[in-house]
Amino acid sequence: MNRDGQGYRERVYEIVKQIPSGRVMTYGQIAEILGEGYTPRTVGYVMHAVDKENVPWQRVINSQGKCSTGKLLLPHDIQQRILEDEGIIFTDSGKCDLDVYRWSPAGYEEKKDVSPKLF
DNA sequence: AACTTGACGAGGG
DNA sequence: CCCCTCGCCAAGT
């Protein structure tokens, strides 16, 4: 299956490219879509060297609703600033509400518990 | 081939 | 809300 296609990195890029402005996805979500035993750490590994010119890297944050950058590279929180420009609101502690901004590709809208009755 | 590093995440304290 | 411990896994040494 994995038609090589440069490997799983390409798949990560394709997923991130789909995230709309003003919305975000977590490393864990992406890892789950990759399946095949990939973990959030692996996604983070891919993102640290992502091509920032062609991929909206800023729309990937951690499961706490915070930006994982700003510790080393990038002064303070460039990532958060860009997301705020896209309309996302962050608390004083640098956290945004995932229940509001989290986005999922078609077919992965959360499994919730889709009541078998409705629909 | 063994050991170390992370843009992670869930669980505890 | 902050901090630490573990489990995970690809890459780099």
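First the proteins, then the strands, lettered A, B, ... as listed; each starts at 1.
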**Q** How many Å lie between CG on A/Asn62 and P on B/dA7, as a whole number?
**A** 12 Å
**Q** For A/Glu84, enumerate each residue passing the salt bridge (Lys or Arg N to Asp or Glu O under 4.0 Å) test, keeping only those at least two apart in sequence or located in another chain.
**A**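 Testing A/Glu84 for salt bridge (Lys or Arg N to Asp or Glu O under 4.0 Å), a comparison that skips the adjacent residues, returns none.
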**Q** Taking all non-hydrogen atoms of both residues into account, name the closest pair between A/Gly28 and A/Pro40 and its distance.
**A** CA-CG, 3.8 Å
**Q** Given atom CZ of A/Arg9 and atom C1' of B/dA7, what is their separation to the nearest angstrom?
**A** 14 Å
**Q** Quick one: A/Trp57 CH2 to B/dA7 P, roughly how many Å, whole number?
**A**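 From A/Trp57 CH2 to B/dA7 P: 13 Å.
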**Q** Can you give me every donor-acceptor pair (side chain of residues 15-26 of chain A, partner residue at least two apart or in another chain, under 3.5 Å) with its distance?
**A**
residue	atom	partner	partner atom	Å
A/Gln18	NE2	A/Glu14	O	3.3
A/Arg23	NE	A/Tyr101	O	3.1
A/Arg23	NH2	A/Arg102	O	2.6
A/Thr26	OG1	A/Gln29	N	3.1

**Q** How many angstroms lie between atom CD1 of A/Ile61 and atom CE of A/Met47, to the nearest 0.5 angstrom?
**A**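 Separation between the atoms: 11.5 Å.
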**Q** Mind calculating the distance between CG (A/Leu98) and P (B/dG9) to the nearest angstrom?
**A**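 Atom-to-atom, A/Leu98 to B/dG9, this comes out as 10 Å.
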**Q** Please enumerate all residues that pass side chain to side chain donor-acceptor pair (under 3.5 Å) together with A/Asn54, with sequence neighbours excluded.
**A**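 In terms of side chain to side chain donor-acceptor pair (under 3.5 Å), with neighbours along the sequence ignored, A/Asn54 is linked to A/Asp51.
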**Q** For the CZ atom of A/Arg11 and the CD1 atom of A/Ile33, what is their distance to the nearest 0.5 Å?
**A**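 Between A/Arg11 CZ and A/Ile33 CD1, I get 10.0 Å after rounding to 0.5 Å.
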**Q** Taking heavy atoms of chain A and a 4.0 Å limit, find me the 5'-most and 3'-most nucleotide of DNA chain C within that range.
**A**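 It runs C/dC1 to C/dG12.
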**Q** Show the distances under 3.5 angstrom between N or O atoms of the protein and N or O atoms of nucleotides 10-13 of chain B.
**A**
residue	atom	partner	partner atom	Å
B/dA10	OP2	A/Ser63	OG	3.4

**Q** Can you tell me how far P of B/dA7 sits from CE of A/Met47, to the nearest Å?
**A** 13 Å
**Q** With nearest nucleotide decided by heavy atoms, which residue, A/Gly28 or A/Tyr45, maps closer to the 5′ end of DNA chain B?
**A** A/Tyr45
**Q** Quick one: SG on A/Cys96 to CG on A/Leu83, what's the gap to the nearest 0.5 Å?
**A** 7.5 Å
**Q** If you pin A/Gln64 and A/Thr42 to their nearest nucleotides in DNA chain B, which one's is more 5'?
**A** A/Thr42
**Q** Looking only at side chains, do A/Gln80 and A/Gln58 share a donor and an acceptor under 3.5 Å apart?
**A**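 Per modelled atom types, A/Gln80 and A/Gln58 side chains form no pair under 3.5 Å.
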**Q** Please enumerate all residues that pass side-chain contact (heavy atoms from CB on, under 4.5 Å) together with A/Asp85, with sequence neighbours excluded.
**A** none
**Q** Without decimals, in angstroms, what is the distance between A/Lys66 NZ and B/dA7 C1'?
**A**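 That distance rounds to 14 Å.
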